[in-house]
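Written below as structure tokens is the structure these notes are about.
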Amino acid sequence: MKLKQLFLCVLYAGLFLFQLSCKDELSDIQNEEAFKAEKNSSLSAREFSGDSLILENPYSTENMAKALQRVKYNNPKYSFGKFNVQTTHLYLKFSPENEEQVSLLKSDSTIHYFDYRMDTEYKEEYLANRSPDKDSIPVYYTAVPVGKTLPAVKHEVLSELYIPEQDPYFSDIKDNEEYQVTDRVENKTDLFNNLLFSAYEQTGNEQDLLTDNATPEARWIFGSKWYPSGNIRVQDDIAGSRPVTGAQVLMRQWFTVAQGITDGNGNFSTSSVRGKARYVIQWERYHYSVRDGSFFQAETHGPNVKKQSWSINLNGGKDEYHALIHQAAHDFYYGYRFGLISPPMNNHFYNFGRQSQIKIAGRLSNSGPPSSYSHIRSEISFGLSAQIHIKNYGSTSDQVYGTTIHELSHALHSVKDRFSYDNIVRDSFLSGDSQVKNRNRRLLESWPVAVEILMTLERYRVRYNISNYSVYSTFQIVNYQNRTIAASNHYTSGIYDMTDMVDQRRTYGSAYPVDQVNGYTIKELENALSGSRYWNDYRDRVKAMYPNKPTRPFVDDLFANWQD
Amino acid sequence: MIQCGTDQEETKYFDYSIKNNSGSKIDLVPYFNGQANYSLKVSLAKDGIINLKKEVKPPYNDGLLMSSFFVTPSSGHLTQVEVVFNNTKRVIYQECTETNQCFNQPRNIFNPVYNDKEVETYTITSEDSQNATDCGGNCY
């Protein structure tokens, strides 16, 4: 009972401290009301206002109706039949109040959310450096077809939209390479192009449609659909320029979003768009989301172009950092992971409850509190804080990759057997007995060290065929083998040592672990986590589960290298 | 626990040095995967010293070893270090392996005795110079 009270006490103290630390990070940005007021006071469609470029919305149903009136006025003899402008989409702002509600939003992978407005252009540095809203949990913007079932999360309709590009009425129009707007309508193709151009022109956005050779007398616009495509690579410190796989590239044209996923060569293509659209890499997949800092969705913004592919080698800074974190997460969730179970899966029901999308905060820091995983931190802060924080900014690529794998391996452990995991964590940090702390903490940390080594080796030694690569490139501890017993009582090579053939004692001498164990797979070692509460408990479970392993008699010696 | 999750542990402060007390000018030439890389050579004047410091936090996948004076992210695996004295004599030290038990080689720069703590200094002495092999006029 006392232990429970102590735990709760520490929990609340932690929450208090957490809120304090977070308040330091929080500063106000314009709220919705301020934004509306600002927008209303701006008569010009394109006018810088602080960090944002406020745009008049060409797709509002109201504006489209006006545009249609203008087209009709110019073409009194054309039969418009039953065609009319009607709301096809809704531009929405969601304001989730907790992690559970964010999870509801992310449970539908057909809706793409942005944590900034879709009818506003921002200065590049603003999105890169913005501070979170004082409400703490970001608000999300999206546009959905009318009638779409919406998640039960507080939201408001910012605008009713008519998007002619998505209106089936125009599905059979001609796909001209270029189209000259003359205000004259003689067929459906003319109607589509004139309506669109009028809507853009009325709101001061016509440059988005006009071609480079257009003049006031000859208003040529992009008439044909085009298919955005490109290639995404990252400059890896060890392996050089390499494809980023599994990255989600969004092509955003106002409220229309086309999606592509990079393949094994980093290539992507999306469905078609017309006119100008912006490439955006959103570092998010269904099961995980990489955050820029603690709160906002990490994105890499590409060019706003017409009919151009986009190829980029992400080299340095936040974009490279986010790409590497994404790559590690993607490899763990969707790639080869030695048969291990997945880290926590979005919208998946475990025996302890439903799990939501894992948030991985890519902190731009290499100091202060270290990288970490905590499901409790996220739960008690109602999703305010990401479960995983990576603080390896400026480290070599393999260290960023390995640390991300390490933290995700904690997450894996936490869903493999939540009850045992929480028990290990509790005793690791709250026990008053240092021996209990050590024996728990050693199991807690040695598991992710093992997965970290194996998956980092897989990336560099196997996938990129760097035969002499060992973990890590600049800190040549040779897959944690060149590390004394005394170097760390918790972050040990002990679990990895059961999979490899190296006996450190023979190579480095008496200060190093004796390791005559080999022949275990990481999957077998994962299975032994279930029910294990501390170092020797885990040892005994490994021995009991795999009684026929030839090196089983040496397991006791291996585990005894590190004493409680 | 709530603040720092699973990886709260103490910071390690690494401080590594190589001192030249040999009485000669020396060059330290790293070999990666068995090949000398002269572009990453480290030169030390008589009585010279080089030093590296690094602060490391959990999960401790960074730090310093004597190899840290030579490696870059893309240099590859350091297999040997050649010490050249006044371009007249040399000694080559090889990394630790099961067949090259460097912990039995007192002057080997890879010997764990120079690599197993957070603060280490490897001092090259006049005795090292005396025990080095003559290059026959030019070591390069």
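Every value quoted in this text rests on a predicted model; they were computed, and no experiment measured them. Computation of the quantities below employed the complete heavy-atom set of this structure, encompassing side-chain atoms and omitting hydrogens, waters and symmetry-equivalent molecules. Each chain gets a letter, A, B and so on, in the order the sequences are listed, and its residues count up from 1.
Separating the OG1 atom in A:Thr396 from the CG atom in B:Asp62 is a distance of 6.5 Å, to the nearest 0.5 Å. Here the straight-line distance linking atom OG of A:Ser467 with atom NE2 of B:His77 works out to 11.0 Å at 0.5 Å rounding. Distance NZ/B:Lys57 to OG/A:Ser367: 7.0 Å, rounded to 0.5 Å. Interatomic distance, B:Asp116 CG to A:Tyr508 OH, rounded to the nearest 0.5 Å: 12.5 Å. Here the CG atom belonging to B:Leu64 is positioned 9.5 Å from the OG1 atom belonging to A:Thr474, to the nearest 0.5 angstrom.
Between the side chain of B:Glu98 and the main chain of A:Arg506, no donor-acceptor pair closer than 3.5 Å is present. For A:Gln476 (side chain) and B:Leu78 (main-chain N/O), a donor-acceptor pair under 3.5 Å exists by modelled atom type.
With a 4.5 Å cut-off on non-hydrogen atoms, A:Val471 does not touch chain B at all. Both the backbone and the side chain of B:Asn61 come within less than 4.5 Å of a heavy atom of chain A. Heavy-atom distances place the side chain of B:Ser67, and not its backbone, under 4.5 Å from chain A. Only the side chain of A:Asn392 comes within contact range of chain B, with at least one heavy atom under 4.5 Å from a heavy atom of that chain. Using a 4.5 Å cut-off between heavy atoms, A:Glu452 contacts chain B through its side chain alone, with no backbone atom that close. In this structure, the portions of A:Ile477 lying under 4.5 Å from any heavy atom of chain B include both its backbone and its side chain.
Around the NZ atom of B:Lys19, the shell of radius 6.0 Å holds no more than 12 heavy atoms that belong to other residues, nucleotides or ligands.
Note: A:Ser473 leads A:Ser473, A:Ser395, A:Gly402 in heavy-atom pairs under 4.5 Å with chain B.
Nearest heavy-atom pair, B:Ser74 versus A:Ile238, reported as atom, atom and distance to 0.1 Å: CB-O, 4.4 Å. Taking both residues in full, the closest heavy atoms of B:Pro58 and A:Tyr491 are given as CB-OH, 3.1 Å, listed atom of the first, atom of the second, then distance. Heavy atoms only, all atoms of each residue included: B:Phe103 and A:Gly509 are closest at CD2-N, 3.2 Å. Residue A:Ala487 comes nearest to B:Lys12 through the heavy atom pair O-NZ, 2.6 Å, listed as atom of the first residue, atom of the second, then distance. Of all the heavy atoms in A:Arg483 and B:Tyr60, the pair that sits closest is NH1-O, 3.2 Å. Contact detail for A:Phe475 and B:Leu65: the closest heavy-atom pair is CE1-CG, 3.8 Å.
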